[in-house]
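Here is the structure we will look at.
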Amino acid sequence: MSADECFLGTGRGETSYRDAMNRAVETVIETVANRERPHSGASPEELAAQFDDPVVPEEGQRLEMTIDEVAERVLRHSVDPSNPRCAAHLQCPPMIPGLAAETLLTATNQSLDSFDQAPAATVLEERVVTALCELFDLPADADGVFTSGGTQSNFQALLLARDRYCDQQFDRNVQTDGLPAAAPSLRILCSEAAHFTGKQAAHHLGLGERAVYTVPTDADGRMDLDELDAALDDLDRRDELPFALVGTAGTTDFGSIDPLPALADRAADRDLWFHVDAAYGGALAVSDEFSTLLDGIERADSIAVDFHKLFYQPISCGALLLRDGADFRLMARNAAYLNPEAHDEGGIPNLVSKSVQTTRRFDALKPYVAFRTLGRTGLAELVEHTLELADDAAALVREADDFELLGEPTLNAVVFRYRPRQGMNDETVSNLNAAVRRELLNDGRALVARTTVDGVTSLKVTLLNPTATLEDVAAMLEAVRDCGDRVADTREVTV
C-alpha cells in the first residue's frame, strides 16, 4: 500500500479505510459469529505450523490477502467468548456498542496523557469517572483514572497506600527519597482467595511477596473475620506494620465477596488503607436486585473495577477510583513537554499525573457508549441474567449423580467436579478431572476452566454470557461426560 492509502486524511486513504473496515467486519462475521464450537481444538504445534511465512517479507501484499490469512490462521482458531459454551475464564463477550466505540477510539488514536493530545477525551474520561464515583456512593471529592484492568488498578492502589503510610508515619516522601528503613516490616492483608496481583504488587513495590499476610477464608470463601482479628494481633506482637487491607468483591473461583462493612470497620480502627478489588463483582452496582452485595464498598479508600468482565467491554478497560482524589498527589509529577506546573495552576487537566502510564488509550469511551446506549437498567438486566443462570446451573449440577457441586455461587461462577462413580478417592478424581479438562481443549465443544479446591483438581464454568441458557450449561456438562468416557477408555487418568 502507498502512503496515501495507509492513512486517513486523503481521498484514497478514506476509501482504503472504508474498504478495510468493511472487509474486517465481514471476515469476523464469516469466521467467528455463530460458530458452532467456541474453539477449534487446534494444538500449539498445529497453530505454529501455520506461520512459516516471514512476518516481515521483503515485499508486501494487498491488505485483503493479509486479512484473509488472518481469518484462516488466527480467527478460525481463536477462542470465541461470544459463544455461550465458552465459560472458562472471566473473558466476556464484548457488546456491540463497545465494539463500535473501539473502532472510534482506535481510528482517532487519542493519547490520554495530556490535554493537547486528547482534549474532548480528557474531559469525557473525567465525566465518566465522576459517574462511577457516584455509582459506588463515593463522596464528592472522590476521583479516579482509567487503567488497563484489575492488575494495574490493584498495583496503583497499593502504591498510593504505601506512600501515604510512609508519609504519615515516617515523614518520608517515597517518590523522591525511596523506601524508609522500616520497609521490611510493612504488611498488606488480604484473604487467601484474593487475586494474585496483591502479591505481584508487593513484589513490584519493593516489599516482596512475603509482605502480604493472607487471612484464611470461611466456608463461603469470604475472609474470616476471627482470623483477620488474630492476624492483626499477631502483627502487633511481631512489631510488623500493616498499612493496607484488601477486600475482594468477587473471588476468581467462587465469586465470593468479603464482608466489606466489617473490613471497613477494621481498617478504620487501625488506620489502614482499605482497598476493594471489585474487578469481577463491581458491576453489581448497576443492579437494584444485587447491589446490596457490595454494601460497605462506599467506605473504601480505593476501588478497582473492570469493564472487560461484567460490563461486557472489549479488552482492555478498567478503572481505579479513590475516595479522596487528593491522594493522587502522592504520585503526581510534572514534565515541561506534557503537563507543566503552569497548566496545573491554570486548571488544564493533564491526566498523566494520575496514572502509572504515559501514553494511554481512550478506553473510557467504551463504557460511555455502553452506558448511554443501554442505560443502567439495560446493563442490570444483562448482569442479573447471568447470576440467575448460575443458580440454575448449580441446581443442575447438584441434581446430577455424576457431578459434585463444590459451593453455591455468589456471582456467576459454578465450581464442580466430575465424579462418575461413588467411592472414588480424591487422587483418582483429581487425575480424572485434569485429564477431562485436557480432552475438552482438544474436543472444542465447550471451554471450561480448571482450578484446585482443597488440593483436588476441579472444573469451573464462568457464566458471563447474557445469551447463554440452561440448555447450554447442560450441553457443557454432557461434553464433560463424553470426554470423561473417552479418557476412561484410554485409561488416561494421570495429571
* Under 3.5 Å, side chain of Thr428 to main-chain N/O of Met424, donor-acceptor pair present? -> no
* Asked: Does a side-chain N-to-carboxylate-O contact under 4.0 Å join Asp163 and Arg329?
  -> no
* **Nearest heavy-atom neighbours spanning Thr122 and Phe115** => OG1-CA, 4.0 Å
* Look at atom CG of Asp269 and say whether more than 12 heavy atoms of other residues, nucleotides or ligands are closer to it than 6.0 Å. => yes
* Salt bridge flag under 4.0 Å for residues Asp265 and Arg299 -> yes
* To do: Could you tell me whether Asp167 and Arg164 have a side-chain N and a carboxylate O separated by less than 4.0 Å?
  => no
* What do you reckon, are the aromatic ring centroids of Phe307 and Phe146 less than 6.0 Å apart? -> yes
* Going through the distances and angles, do Leu477 and Arg481 end up as a side chain to side chain contact (heavy atoms under 4.5 Å, CB included)? -> CA-CA 6 Å; Leu477 296 179; Arg481 289 187 179 102; 4.2 Å; yes
* Asked: Is atom CZ of Arg376 surrounded by more than 12 heavy atoms (other residues, nucleotides or ligands) closer than 6.0 Å?
  -> yes
* Asked: Roughly how far apart are Ile188 CD1 and Leu272 CG, rounded to 0.5 Å?
  -> 11.0 Å
* Return the orientation label for the Tyr165 and Phe170 ring planes: parallel under 30°, perpendicular over 60°, tilted otherwise. => perpendicular
* Going by atom types alone, do Ser185 and Glu240 pair a side-chain donor with an acceptor below 3.5 Å? -> no
* Measure across Asp391 and Pro409 and return the closest heavy-atom pair with its distance rounded to 0.1 Å. => OD1-CG, 3.7 Å
* To do: Please report the shortest heavy-atom distance between Thr386 and Leu463, naming the atom on each side.
  => CB-O, 3.1 Å
* Asked: Got a donor-acceptor contact below 3.5 angstrom from the Thr197 side chain to the Gln200 backbone?
  -> no
* **Donor-acceptor contact present, side-chain His308 to main-chain Pro314, <3.5 Å** => no
* Minimal non-hydrogen separation, Ala101 against Val369, with atom names -> CB-CG2, 3.8 Å
* Could Arg361 and Glu102 be called an ion pair, given the rule that one side-chain N must be under 4.0 Å from one carboxylate O? -> yes
* Examine distances only and state if a side-chain atom of Thr462 and a backbone atom of Ala413 form a donor-acceptor pair shorter than 3.5 Å. => no
* Asked: Looking only at heavy atoms, what is the nearest atom pair of Phe274 and Ala267, with distance?
  -> CB-CB, 3.7 Å
* CD1 (Ile96) with more than 12 external heavy atoms under 6.0 Å -> no
* **Closest heavy-atom pair and its distance - Pro94, Pro81** => CD-CG, 4.3 Å
* To do: Step by step, work out the side chain to side chain donor-acceptor pair (under 3.5 Å) result for Asp113 and Thr358.
  => CA-CA 5 Å; Asp113 42 329; Thr358 303; 6.0 Å; no
* **Any Asp271 side-chain heavy atom under 4.5 Å of Gln168 side chain** => yes
* Within a strict 4.5 Å, meaning less than it, do heavy atoms of the Gln152 and Ser355 side chains meet? -> yes
* Is there side-chain contact between Phe328 and Val145, with at least one heavy-atom pair below 4.5 Å? -> yes
* Does Arg127 CZ have over 12 foreign heavy atoms under 6.0 Å away? -> no
* Asked: So how far is it from Glu192 CD to Thr214 OG1, rounded to the nearest 0.5 Å?
  -> 6.5 Å
* **Side-chain ion pair, Lys199 and Glu209, N-O less than 4.0 Å** => no
* Are any non-hydrogen side-chain atoms of Ser302 and Asp327 less than 4.5 angstrom apart? -> no
* Leu158 and Trp273, any side-chain heavy atoms less than 4.5 Å apart -> no
* Structure fact -> The reported gap from CG in Asp301 to CG in Leu322 (rounded to nearest 0.5 angstrom) is 8.5 Å
* His77 vs His39, side chain to side chain contact (heavy atoms under 4.5 Å, CB included): CA-CA, chis, key distance, verdict -> CA-CA 6 Å; His77 300 290; His39 175 45; 5.7 Å; no
* Report the C-alpha distance between Arg419 and Phe403 in whole Å, list the side-chain angles of each, state the deciding distance to 0.1 Å, and finish with yes or no for side chain to side chain contact (heavy atoms under 4.5 Å, CB included). => CA-CA 5 Å; Arg419 192 185 289 265; Phe403 288 103; over 6 Å; no
* Asked: CG of Leu294 to CG of Leu135: how many Å apart, nearest 0.5 Å?
  -> 9.0 Å
* Could you check if a side-chain atom of Leu411 sits within less than 4.5 angstrom of a side-chain atom of Phe290, using non-hydrogen atoms only? => no
* Heavy-atom side-chain proximity of Arg37 to Asp80 below 4.5 angstrom -> no
* Asked: Do the charged groups of Asp472 and Arg85 touch, with an N to O distance under 4.0 Å?
  -> yes
* Pair Arg266 + Asp229: basic N to acidic O under 4.0 Å -> yes
* To do: Using modelled atom types only, decide if a donor and an acceptor are shared between the side chain of Asn173 and the backbone of Gln175 within a distance under 3.5 Å.
  => yes
* Salt bridge flag under 4.0 Å for residues Arg270 and Asp233 -> yes
* Could you give me the CA-CA distance, side-chain angles and deciding distance for Phe362 and Leu124, then say whether side chain to side chain contact (heavy atoms under 4.5 Å, CB included) is met? => CA-CA 9 Å; Phe362 182 24; Leu124 179 59; 3.5 Å; yes
* Asked: Can you check side chain to side chain donor-acceptor pair (under 3.5 Å) on Tyr312 and Asn465, steps first, answer last?
  -> CA-CA 9 Å; Tyr312 303 108; Asn465 194 327; over 6 Å; no
* Asked: Under a 4.0 Å N-O cut-off, is there an ion pair linking Glu125 with Lys354?
  -> no
* Whether over 12 other heavy atoms sit under 6.0 Å from His204 NE2 -> yes
* Is the closest basic N to carboxylate O distance between Asp443 and Arg438 below 4.0 Å? -> no
* **Residue pair Thr452, Thr457: steps toward the side chain to side chain donor-acceptor pair (under 3.5 Å) verdict** => CA-CA 4 Å; Thr452 301; Thr457 299; 4.7 Å; no
* Structure fact -> Interatomic distance, CG@Leu75 vs CZ@Arg73, rounded to 0.5 Å, equals 12.5 Å
* From CA spacing to verdict: side chain to side chain donor-acceptor pair (under 3.5 Å), His275, Asn154 -> CA-CA 8 Å; His275 174 63; Asn154 291 340; 2.8 Å; yes
* Structure fact -> Tested for side-chain contact (heavy atoms from CB on, under 4.5 Å) against Leu189, the lone hit among Val212, Val215, Leu263 is Val215
Please list, one pair per line, the donor and acceptor atoms closer than 3.5 Å that link side chains of residues 245-257 to other protein atoms, with sequence neighbours excluded.
unit_1: Thr251; atom_1: OG1; unit_2: Gly255; atom_2: N; d: 3.2
unit_1: Thr251; atom_1: OG1; unit_2: Ser256; atom_2: N; d: 2.9
unit_1: Asp253; atom_1: OD1; unit_2: Thr451; atom_2: OG1; d: 3.2
unit_1: Asp253; atom_1: OD1; unit_2: Lys460; atom_2: NZ; d: 3.4
unit_1: Asp253; atom_1: OD2; unit_2: Thr451; atom_2: OG1; d: 2.6
unit_1: Ser256; atom_1: OG; unit_2: Asp220; atom_2: O; d: 2.8

* Asked: Roughly how far, to the nearest 0.5 Å, is CG of Leu440 from SG of Cys483?
  -> 4.0 Å
